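Bear in mind that the values here come from a model prediction, so they are computed numbers and not experimental data.
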Amino acid sequence: MSVHDELTSVQRCLDDLNRSVRRLEQQIGGGGLEIRRVRTDAEHLRESVALLREAASTPAAPKRPDLVTIPDTPYDDSLWIDSDDEGLGARDRHAP
């Protein structure tokens, strides 16, 4: 079965559950804590399945790029000739 078929099946089961909870609520009465908890739990399940359906309908997230290996060998010192040492200023000047 596909994900869409499975979600449709779960949705049908939740619809049956909600109908059963409503009938039970009419027989027992809707004021008790227990029936309110069951009703709330059924609604949470409905919301969770809606979130699953939404997540399944969106395209897959982009794949992360492959990791790039950085060698352990030192960089060429000529790359840093025109830059200042961070926090120390230029090489030919002294701090105040």
Side-chain angles (χ1 to χ4, degrees):
M1 257 187 176
S2 71
V3 173
H4 178 40
D5 294 340
E6 290 289 346
L7 286 171
T8 302
S9 174
V10 169
Q11 187 65 50
R12 274 191 233 115
C13 292
L14 282 176
D15 292 341
D16 290 343
L17 175 65
N18 281 329
R19 281 191 291 275
S20 297
V21 168
R22 271 188 257 128
R23 284 193 304 264
L24 191 59
E25 197 172 9
Q26 288 172 355
Q27 293 174 359
I28 294 176
L33 174 65
E34 296 82 8
I35 195 68
R36 286 188 316 214
R37 287 185 65 173
V38 169
R39 186 179 353 112
T40 302
D41 290 343
E43 284 302 316
H44 285 177
L45 283 173
R46 181 181 290 281
E47 292 169 4
S48 296
V49 169
L51 289 173
L52 277 176
R53 186 179 298 276
E54 183 180 318
S57 67
T58 58
K63 193 174 182 181
R64 288 179 33 185
D66 293 333
L67 296 177
V68 176
T69 304
I70 300 174
D72 290 335
T73 57
Y75 289 108
D76 182 12
D77 286 338
S78 66
L79 293 171
W80 315 113
I81 290 176
D82 63 341
S83 66
D84 294 338
D85 289 331
E86 184 177 331
L88 299 177
R91 291 181 188 185
D92 58 343
R93 286 182 262 155
H94 297 288

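Gln11 CD to Thr8 OG1: the interatomic distance, rounded to the nearest 0.5 Å, is 8.0 Å. Taking CG of Leu24 as the start and CD of Glu34 as the end, the distance is 11.0 Å to the nearest 0.5 Å. With rounding to the nearest 0.5 angstrom, the CG atom of Leu67 is 7.5 Å from the OG1 atom of Thr69.
Considering only heavy atoms from C-beta on, Asn18 comes within 4.5 Å of Glu43 through its side chain. Between Arg46 and Leu17 there is no side-chain heavy-atom pair separated by less than 4.5 Å. Side-chain contact between His4 and Arg53: present, with at least one pair of heavy atoms (C-beta onward) separated by less than 4.5 Å.
Ionic pairing of Asp15 and Arg12 is not present here: no N-O contact between side-chain nitrogen and carboxylate oxygen is shorter than 4.0 angstrom.
In this structure, Leu14 is not a member of the same hydrophobic cluster as Ile35, with clusters built from ILVMFWY side-chain heavy atoms closer than 4.5 Å.
With a 6.0 Å radius and a threshold of 12 heavy atoms from other residues, nucleotides or ligands, Arg37 has its CZ atom at or below the threshold.
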task = Check the pair Arg36, Leu33 against side-chain contact (heavy atoms from CB on, under 4.5 Å), reporting the backbone distance first and the verdict last.
result = CA-CA 5 Å; Arg36 286 188 316 214; Leu33 174 65; 3.6 Å; yes
